[in-house]
Amino acid sequence: MINLFQKMRLNSIQGRLTAIALFFIVATAVAMGGAGFRLTVHFENQRYRDHFGLLASYLASNSELGVLLGNQKILEKLTENMLAVSDVQRVEIRDRSDKVIMLSAHDKPPAELDSVSAPVVSARMEPRDSPFLAAQEEEEVLGQVVIFYSHTGLERLKKELAFRFLLVSLGLALAPVLMYWLLSRAINAPLFGLLAVAAQVSRGRMDVRARGGALQEINTLATAINEMLDAIESQRRKLSEANAAMARQQVLAEVGKFSMIVAHEIKNPLAIIKGSLDILRKEDVVGVGTKEQMMGFLDEEIERIDKLIENFLLFARPQEPVLQAMPAGGVLASLVQRMHLLSGEIKISQDIPDGEGNAELRCDPHLLERGLLNIVRNALEASPENSEVRVTIACADRRLVFTVQDSGPGIPSEDLSRIFDPFFSTKAKGTGLGLAIAREVISAHGGNISVANNKGGGACFTVSLPLKTEG
């Protein structure tokens, strides 16, 4: 029963219906009990008074002889016997002049008493005027008896009746509640089981199934839920198989794309290497200058292939950064030196407040330099010859901001969202891995990279890395 009220909530349909049902059940039981109690008490009051009225009549009929003879002993005996009756407190016998001729009472009667009286009569025969008529019986009033009684027994009876009515009312109220509880339990237990199944399914378990109950409706609902779970499991299995097939197709497509790019990028250097070797084989024709030129071609193309393979391996199997705390100024100085070694016109400006250069930057310096240099190299390749690439290094909001602006035509708006995708390139030559590798490296350092087109032309790449102040 306690469990039922704990589970009940007035903001639910079940809780409100239960509260309404309990209110009407209890109100009906109390109303019926109260009305029955009042009717019973009224009836008992009337019967109680009638009881003492009969006693008074009985005493009056037995007192006739004592009153006629004036025999005090008879009257005293009668009144004392009457005092033995429960709740009789005082008995008086009066003559026809209303004078008390016999009084019997308890020592300490209650303060409030009710009384009933009955006349003491004597029957006598009076003759008729005609000798042919029978004598007529008439009654003569000799006096009266008065019985004073208390309500002690009646009050005791009222308390007993009240207690019994209370028990009956409670029984009438609890019986429907008990039946409702049994019915609610037969409904709620399977429903809570269904809720538990739903909770497990929401956590990803699809092997659970709902159980029915004693009611047909619950069994129908459980069957429908199980059929739904079976259908979901079947669809989920099919979807997993379809996703696996799509993933395999995507992997194959990426492998094919990767193979095509590798073949395309290696084919040109190999063709140059083969042509150079063919010329070098003609020793009697080739001069010293031509040999040196061909050897230079061989070195360049071999270096190109080596770099290409290195980029593919770095992207396919990213290097795990070994992070260490280093002063930001030292990392930037090394980066600036390496940028000066790149071909092309690079204008570098730094805006680092005093003290910010000593801030710590947790990084893998070699890997971070490689990622940032990929961005600078991409800007050089996108810019026309003899044009300028602007690099700005600044500190803002406890972050190191690295900005690279090229002088190229900019990035088409439809390609901005794909510029960091692997194998995507807007250049005729290139694998499309430089910016993808740069993004992976910067993300591994807890930073972020973004790109936008300048209003005056060209693209602007912005890299933001977190700084940590020493101490």
Side-chain angles (χ1 to χ4, degrees), residues 247 250-251 254-255 257-258 261-262 306-339 341-342 348 350 352 356-382 389 391-406 411 415-426 430-452 459-470:
Q250 186 175 2
V251 169
E254 292 294 333
V255 170
K257 185 177 181 180
F258 179 83
I261 293 174
V262 170
D306 181 68
K307 186 176 181 181
L308 180 64
I309 293 175
E310 184 180 359
N311 284 338
F312 277 126
L313 291 177
L314 182 61
F315 179 76
R317 188 175 56 192
Q319 181 180 346
E320 188 70 22
V322 180
L323 300 178
Q324 52 185 315
M326 298 188 65
V331 176
L332 295 177
S334 176
L335 179 62
V336 170
Q337 290 180 357
R338 291 181 180 274
M339 282 191 293
L341 296 177
L342 296 174
I348 302 173
Q350 298 189 43
I352 301 178
E356 294 290 349
N358 295 326
E360 289 185 348
L361 179 65
R362 288 187 56 81
C363 66
D364 184 329
H366 299 294
L367 195 59
L368 181 60
E369 287 177 4
R370 182 169 192 168
L372 295 177
L373 288 175
N374 277 352
I375 300 174
V376 176
R377 188 177 294 108
N378 180 80
L380 290 171
E381 293 174 354
V389 171
V391 177
T392 304
I393 303 171
C395 289
D397 298 331
R398 308 307 309 147
R399 297 184 76 85
L400 178 65
V401 181
F402 184 83
T403 305
V404 180
Q405 301 182 52
D406 62 46
I411 303 172
D415 294 336
L416 282 174
S417 61
R418 304 172 55 198
I419 196 66
F420 296 107
D421 291 347
F423 307 122
F424 178 79
S425 177
T426 59
T431 60
L433 292 177
L435 293 179
I437 293 173
R439 183 181 63 174
E440 295 298 327
V441 170
I442 293 167
S443 297
H445 285 78
N448 52 69
I449 182 173
S450 61
V451 62
C460 178
F461 288 82
T462 303
V463 175
S464 177
L465 297 167
L467 288 174
K468 180 180 180 182
T469 305
E470 288 185 345

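For the atom pair CZ of Phe420 and OG of Ser443, the computed distance is 9.5 Å after rounding to the nearest 0.5 Å. From Leu400, atom CG reaches atom CD1 of Ile393 across 7.0 Å, with rounding to the nearest 0.5 Å. To the nearest 0.5 Å, the span separating CZ on Arg370 from CD1 on Ile437 amounts to 6.5 Å. To the nearest 0.5 Å, atom CD1 of residue Ile411 and atom CZ of residue Arg418 are 12.5 Å apart. For the atom pair CG (Leu361) and CG (Leu467), the distance works out to 6.0 Å, reported to the nearest 0.5 Å. The distance from the CD atom of Glu369 to the CG atom of Leu332 is 9.5 Å, given to the nearest 0.5 Å.
In terms of heavy atoms, Ala438 sits closest to Gly371 at CB-O, 3.4 Å. The two residues Glu360 and Ala325 come nearest to each other via the heavy atoms OE1-CB, 3.6 Å. The minimum heavy-atom distance between Ser464 and Arg399, with the atom names listed, is OG-NE, 2.5 Å. Listed here is the closest heavy atom pair of His445 and Arg362: CD2-O, 3.8 Å. Across all non-hydrogen atoms, the minimal contact from Thr403 to Cys460 is CG2-SG, 3.3 Å. Of all heavy-atom pairs spanning Pro466 and Gly446, the tightest one is CD-O, 3.6 Å.
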Item to check | Step-by-step side chain to side chain contact (heavy atoms under 4.5 Å, CB included) determination, Val331 to Cys363 | outcome: CA-CA 9 Å; Val331 176; Cys363 66; 4.1 Å; yes
Item to check | Residue pair Leu335, Leu373: steps toward the side chain to side chain contact (heavy atoms under 4.5 Å, CB included) verdict | outcome: CA-CA 8 Å; Leu335 179 62; Leu373 288 175; 4.0 Å; yes
Checklist entry - What do the steps show when you test Leu368 against Leu372 for side chain to side chain contact (heavy atoms under 4.5 Å, CB included), and what is the final call? => result CA-CA 6 Å; Leu368 181 60; Leu372 295 177; 4.1 Å; yes
Checklist entry - Given Ile442 and Leu465, is the side chain to side chain contact (heavy atoms under 4.5 Å, CB included) satisfied, shown in steps? => result CA-CA 8 Å; Ile442 293 167; Leu465 297 167; 4.1 Å; yes
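Side-chain atoms of Asp406 come within 3.5 Å of backbone atoms of Ala459 as a donor-acceptor pair (strictly under, hydrogens ignored).
The shortest side-chain heavy-atom distance between Val401 and Thr462 falls under the 4.5 Å cut-off. Within the 4.5 Å cutoff, the side chain of Ile375 has heavy atoms near those of the Ile449 side chain. Taking 4.5 Å as the limit, every side-chain heavy atom of Val389 sits out of range of all side-chain heavy atoms of Gln405. Between Leu416 and Val451, the closest side-chain pair of non-hydrogen atoms falls below 4.5 Å. The shortest distance between side-chain heavy atoms of Pro365 and Gln324 falls below 4.5 Å.
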